[in-house]
There are 2 protein chains.
Amino acid sequence: MKEQTSPDSPLADLCRQRGLKLTGQRRTIAFVLSDSDDHPDVEELYRRAVAVDSRISIATVYRTVRLFEENGILQRRDFGGGRARYEVADGDHGDHYHLIDADSGKVIEFENAELDALLDTIVQQMGYGLVTTRLSVVGRKKAKTRSGN
Amino acid sequence: MKEQTSPDSPLADLCRQRGLKLTGQRRTIAFVLSDSDDHPDVEELYRRAVAVDSRISIATVYRTVRLFEENGILQRRDFGGGRARYEVADGDHGDHYHLIDADSGKVIEFENAELDALLDTIVQQMGYGLVTTRLSVVGRKKAKTRSGN
DNA sequence: ATATTTGCAAACCCTTTGCAGACCG
DNA sequence: CGGTCTGCAAAGGGTTTGCAAATAT
């Protein structure tokens with residue numbers, strides 16, 4: 001009888017690697033997150049999780065999401081609108097940013113090495129080491145350019 | 001009898017220019033804001049306003065701050081921590097960003113034309129026009145001795 | 001004069017928490 | 001088994017709002 005090595009989602013595995021107790025709920029939430037490529041808020045995660053296993057409470061989603069964030073598994077984002085949104089954390093590199101469509105609210109991810117480098121340089125020159133970058137640009141589709149704010 | 005042209009703070013004047021009714025409370029809040037060069041949250045603004053005129057309620061500060069934001073007089077910022085913080089809006093140019101000290105939480109403003117340009121270019125290339133940039137970097141002061149951790 | 005604004009307190013929204021029972025390792 | 005995790009509902013912190021009285025233009 002062979003041992004099952006990894007029947008779980010990538011995030012569930014990560015969970016285990018981090019030494020976190022892998023409960024049914026966490027497994028479900030991890031699965032839902034692994035399965036998401038957008039930036040759901042807690043209520044949305046709750047909806048998706050309940051669809052998989054109805055025995056999950058929203059309090060647990062809040063607790064899990066916080067736990068995952070503290071363990072570097074998730075990243076919390078704020079795109080305005082009062083509620084926190086989450087996405088699977090990037091590896092140490094591959095950092096990415098967000099462009100938010102001013103009209104539709106749609107979030108578009110992008111990467112840019114030059115931007116990475118420039119930010120790092122700027123922060124260095126100010127005598128600091130870069131810890132985190134929180135950057136989202138709001139843009140409007142192909143119209144006049146405004147260089148405000 | 002000559003008309004008083006401008007006995008008020010710069011922001012109170014802006015208020016008037018925008019056609020907003022200039023009440024006592026708004027005048028006070030505008031004064032407090034003109035007098036601030038940091039990024040106070042609503043409670044802090046309330047404290048400062050009450051120090052000038054005790055007949056102000058926090059509800060009015062919330063309402064005024066929102067009004068000012070909607071009229072481009074103030075800018076709301078989010079540095080984490082749940083509460084919104086405010087600062088006087090930049091003119092169309094002179095845009096600036098924020099570096100947050102990871103340890104002290106201190107907010108340090110900076111400008112960088114190269115960064116302005118790069119962001120604009122990136123957004124253009126994605127087929128959008130830049131509307132707003134929300135950027136704050138968290139950094140840790142470089143230790144000159146060693147960087148243990 | 002009269003439409004707006006204010007203060008107060010209650011309402012709201014998102015998030016956290018105390019507790020008793022359920023569960024993982 | 002023992003400590004951790006969960007569900008529930010109540011509490012919490014920031015922000016908004018309904019209403020009658022006060023106020024600006």
Side-chain angles (χ1 to χ4, degrees), chain A residues 3-8 12-13 15-32 39-47 49-50 52-71 73-74 76-86, chain B residues 3-8 12-13 15-32 39-47 49-50 52-71 73-74 76-86:
Chain A
E3 298 188 58
Q4 271 195 295
T5 314
S6 209
D8 289 318
D13 290 336
C15 221
R16 202 181 278 118
Q17 283 171 40
R18 294 281 202 287
L20 303 176
K21 197 180 274 193
L22 194 48
T23 68
Q25 289 86 332
R26 287 183 188 169
R27 184 178 285 108
T28 298
I29 294 168
F31 166 75
V32 164
H39 310 78
D41 58 30
V42 170
E43 279 220 22
E44 178 60 26
L45 281 175
Y46 174 58
R47 257 176 250 124
V50 163
V52 175
D53 175 353
S54 60
R55 285 165 302 183
I56 290 184
S57 81
I58 196 161
T60 296
V61 178
Y62 272 106
R63 280 190 276 234
T64 302
V65 129
R66 206 216 298 188
L67 179 75
F68 284 5
E69 196 202 351
E70 288 166 358
N71 282 271
I73 295 173
L74 277 189
R76 187 202 318 234
R77 298 288 189 179
D78 166 52
F79 300 137
R83 19 178 196 275
R85 298 173 65 172
Y86 292 88
Chain B
E3 299 188 58
Q4 271 195 296
T5 314
S6 209
D8 288 318
D13 290 336
C15 221
R16 201 181 279 117
Q17 284 171 38
R18 294 282 200 288
L20 302 176
K21 198 180 272 193
L22 194 50
T23 68
Q25 289 84 331
R26 287 182 188 170
R27 184 177 286 108
T28 298
I29 294 168
F31 166 75
V32 165
H39 311 78
D41 58 30
V42 170
E43 278 221 22
E44 178 60 27
L45 281 175
Y46 174 59
R47 254 175 252 124
V50 163
V52 175
D53 175 352
S54 60
R55 285 163 302 183
I56 290 184
S57 80
I58 196 162
T60 295
V61 179
Y62 272 106
R63 280 191 275 233
T64 302
V65 129
R66 205 217 293 189
L67 179 74
F68 284 6
E69 196 202 350
E70 287 167 356
N71 282 271
I73 295 173
L74 276 189
R76 187 203 317 237
R77 297 288 188 178
D78 166 53
F79 300 138
R83 19 179 196 274
R85 299 173 65 172
Y86 292 87

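Given the structure is predicted, the values throughout are model-derived calculations rather than measurements. Just so we're on the same page: letters track the sequence lines, and every chain starts at 1.
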message: So, OP1 or OP2 of D/dA22: does either fall under 4.0 Å of a side-chain N or O from B/Gln25?
response: no

- request: Test B/Thr60 against B/Thr23 for side chain to side chain contact (heavy atoms under 4.5 Å, CB included), laying out the working first.
  value: CA-CA 11 Å; B/Thr60 295; B/Thr23 68; over 6 Å; no

- prompt: Considering the options B/Arg76, B/Arg77, B/Arg47, B/Arg83, which one meets the salt bridge (Lys or Arg N to Asp or Glu O under 4.0 Å) requirement together with B/Asp41?
  reply: B/Arg83

- request: Send over the distance from B/Glu70 CD to D/dT15 C1', rounded to a whole Å.
  value: 14 Å

query: Which residues satisfy the side-chain hydrogen bond (donor to acceptor under 3.5 Å, both in side chains) test with A/Arg85, sequence neighbours excluded?
result: none

message: How many whole angstroms separate atom CZ of B/Phe68 from atom P of C/dT5?
response: 11 Å

Report each atom pair, protein N/O against N/O of nucleotides 21-24 of chain C, whose distance is under 3.5 angstrom.
unit_1	atom_1	unit_2	atom_2	d
C/dC24	O2	A/Lys21	NZ	3.4

query: Passes side chain to side chain contact (heavy atoms under 4.5 Å, CB included), A/Leu20 versus A/Ile73? Steps please.
result: CA-CA 11 Å; A/Leu20 303 176; A/Ile73 295 173; 4.3 Å; yes

- prompt: Would you call B/Asp53-B/Arg27 a salt bridge at under 4.0 Å N-O?
  reply: no

- prompt: Just by modelled atom types, is the B/Lys21 backbone N or O under 3.5 Å from a matching donor or acceptor in the B/Arg26 side chain?
  reply: yes

message: Whole angstroms only, please: what is the CG-P distance between B/Leu20 and C/dA3?
response: 19 Å

Taking only N/O atoms, report every protein-nucleotides 15-18 of chain C pair under 3.5 Å with atom names and distance.
unit_1	atom_1	unit_2	atom_2	d
C/dT15	OP1	A/Ala84	N	3.0
C/dT15	OP2	A/Tyr62	OH	2.6
C/dT15	O5'	A/Tyr62	OH	3.4
C/dT17	OP2	A/Arg66	NH2	3.1
C/dG18	O6	A/Arg63	NH1	3.4

